[in-house]
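Ligands are counted one by one from 1 in listed order, and the atoms in each one are counted from 1 as well.
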Amino acid sequence: MQTVRLDELHVDEVGGVEGASGYLTIDLAALSRNYQALAAKAAPGRAAAVVKADAYGLGAERVAKTVYENGCRHFFVAQFVEAARLRPALPQDAHVFVLNGLQPGNEDICAYENIIPVINSIEQWKNWARTARKLGRRLPAAVQFDTGMSRLGLPPEERRLLAEEIALGSDVEILFLMSHLASADDDESIQNWEQLEELRKIAFEFPGHELSFANSGGLFLGKPYRIGLARPGIALYGGAPSALPSPMDAVVRLDVAVVQTRTVPAGTKIGYGGVHVASRETRLATIAAGYADGLPRSLSDRGAVYFDGVRLPIVGRVSMDSITIDISALPEGAIRLGSLVEVIGPNRTLEDVAREAGTISYEILTGLGHRYHRQYR
Ligand SMILES: *Cc1c(COP(=O)(O)O)cnc(C)c1O
């Protein structure tokens, strides 16, 4: 018998590892098709890629390199540390933006590492302009405006101050005037139109700059929203940009291993709290993923996994490391120790899981965790 050395079990490598508790498969060809489809939708503008939170949990470096090969040159992360990790992985002609802005103390390193801040306040603008003066060169930035979300970006009352700063002469080079939609997944929301109107005013106040507005949902709101540089995130990863079923190709598949099976008589309690009681003789399987692997506890006694296209309901509470499923619908012996069940895949989409869990696809994706064997196809 051959022994496997622990250091040979790389959890992040391409290819299969036998005996993993779960397999998270990321389809880079589907990602490429999604990027191309979104870039075509953004035309004549361009499409960036939002790769914050490790590309929604799928691996920022792999994702960014893949979309770069498809022509993407603009990348958005949320935090400086994410940019610092991603920047060396991409060619110099890639632009890496930090959505959360410019934190005091990061100015010099942003300048040296060619990381582009999204300037969210007049204070950040001044700090960046001071750094440019000190270094004696022009420094690039995107400037974000709050058009009605009250989260990030210059509030309306700071616009006049910005205009004064620019009029005085500044070494900050504005690459994009940017804003973000609060209700882009709802094409009936009046807020979309209000924000677009506000952005038009801003473009009029600060003429001559390219705009960046639409996220995934924005790209599907119609032509007026497809301006300048679009910033899709979730749609790249196969998630639905609106309330309709996702028009994008699925990128993620999750298969989880069965670690035990058993048959219990009617009246048996199943899982923590004994909240589920078998109403008849039931065949059960326990699978090796739980809320610590991003399958929320709100899936307790809700939702299902699939095997050979057969629906297998989740029974009892979701544990930290396991979930129990009812496999009575399958022929005896169909599922055994080590069998893999489909948790996310063709039968049960990311959106299905999110809906059953009472959340959104973004939260499911970013929560999937690091105990699965990741394989890129
Ligand atoms: C996260 C984010 C995006 C991407 O949004 P999706 O809905 O995932 O397409 C775009 N812009 C900003 C400012 C963001 O924070």
Side-chain angles (χ1 to χ4, degrees), residues 31 34-35 37-39 41-42 45-58 60 63-64 67 72 74-80 82-83 86 95-102 116-121 124 141-155 175-187 189 191-192 195-196 198-199 202 210-221 225-244 246-252 350-351 354 359-368:
L31 173 72
N34 287 343
Y35 178 76
L38 294 165
K41 229 174 166 37
R46 290 172 289 175
V50 177
V51 293
K52 62 194 180 188
D54 200 26
Y56 293 37
L58 303 187
V63 164
V67 294
C72 183
H74 299 84
F75 301 84
F76 288 84
V77 294
Q79 301 179 357
F80 170 76
E82 298 180 302
L86 182 62
H95 296 71
V96 179
F97 296 87
V98 179
L99 288 167
N100 275 0
L102 185 62
I116 307 172
V118 171
I119 297 294
N120 283 323
S121 67
Q124 292 177 17
V143 182
Q144 177 162 230
F145 295 84
D146 177 22
T147 53
M149 192 174 180
S150 311
R151 185 180 73 165
L152 289 168
L154 267 79
L175 300 184
F176 297 98
L177 304 178
M178 188 181 134
S179 195
H180 187 49
L181 286 158
S183 302
D185 56 339
D186 176 6
D187 64 2
S189 171
Q191 197 179 8
N192 295 320
Q195 288 193 264
L196 180 61
E198 196 62 20
L199 182 68
I202 292 162
E210 203 176 337
L211 303 177
S212 178
F213 192 39
N215 64 338
S216 300
L219 275 173
F220 289 80
L221 285 176
Y225 295 86
R226 300 199 286 262
I227 37 178
L229 182 73
R231 302 184 311 274
I234 195 71
L236 283 173
Y237 312 118
S242 71
L244 300 171
S246 181
M248 313 309 296
D249 284 352
V251 173
V252 181
L350 181 60
E351 307 302 330
T359 181
I360 54 175
S361 56
Y362 301 67
E363 195 176 19
I364 297 296
L365 271 187
T366 55
L368 284 177

- Item | Close-contact set for ligand 1 against Pro232 heavy atoms, below 4.0 Å | 9 (O)

- Message: Taking 4.0 Å as the limit for heavy-atom contacts, which would you say applies to His180 with ligand 1: side chain only, backbone only, both, or neither?
- Response: side chain

- Could you pull out the closest heavy-atom pair between Ile360 and Ala354, with the gap in Å? C-CB, 3.5 Å

- Message: Tell me the protein heavy atom at minimum distance from atom 9 (O) of ligand 1, and give that distance in Å.
- Response: Ser216 OG, 2.5 Å

- Between Gln191 (side chain) and Ala182 (backbone), is there a donor-acceptor pair under 3.5 Å? no

- Query: Which heavy atom of the protein is the closest neighbour of atom 11 (N) of ligand 1, given with residue, atom name and distance?
  - Reply: Arg231 NE, 3.0 Å

- Item | Interfacing atoms of ligand 1 (cut-off 4.0 Å, heavy-atom, Lys52) | 1 (C), 2 (C), 3 (C), 14 (C), 15 (O)

- Message: Just to be sure I read this right, does ligand 1 sit under 4.0 Å from the backbone of Ile234, its side chain, both, or neither, counting only heavy atoms?
- Response: both

- So OG1 of Thr366 and CG of Asp54: to nearest 0.5 Å the spacing works out to 10.5 Å

- Which ligand 1 atoms, with their elements, are less than 4.0 angstrom from a heavy-atom of Tyr362? 6 (P), 7 (O), 8 (O)

- Item | Six-ring centre of Phe76, Lys52 cation under 6.0 angstrom, axis tolerance 45° | no

- Does Tyr56 approach ligand 1 within less than 4.0 angstrom via side chain, backbone, both or neither, non-hydrogen atoms only? side chain

- Hey, does Arg151 sit under 4.0 Å from ligand 1 if you only count heavy atoms? yes

- Message: Assess the residue pair Phe220 and Leu244 against the criterion (side chain to side chain contact (heavy atoms under 4.5 Å, CB included)); give the C-alpha distance rounded to whole Å, side-chain angles, the decisive distance to 0.1 Å, and a yes or no.
- Response: CA-CA 11 Å; Phe220 289 80; Leu244 300 171; over 6 Å; no

- How long is the span from the CD1 atom in Ile202 to the CZ atom in Phe145, to the nearest 0.5 Å? 5.5 Å

- Message: Using a plain distance cutoff, I'd like to know if Ala235 has any nitrogen or oxygen under 3.5 Å from a nitrogen or oxygen of ligand 1.
- Response: no

- Message: Taking atom CD as the centre, does Glu363 end up with more than 12 heavy-atom neighbours from other residues, nucleotides or ligands that are less than 6.0 angstrom away?
- Response: no

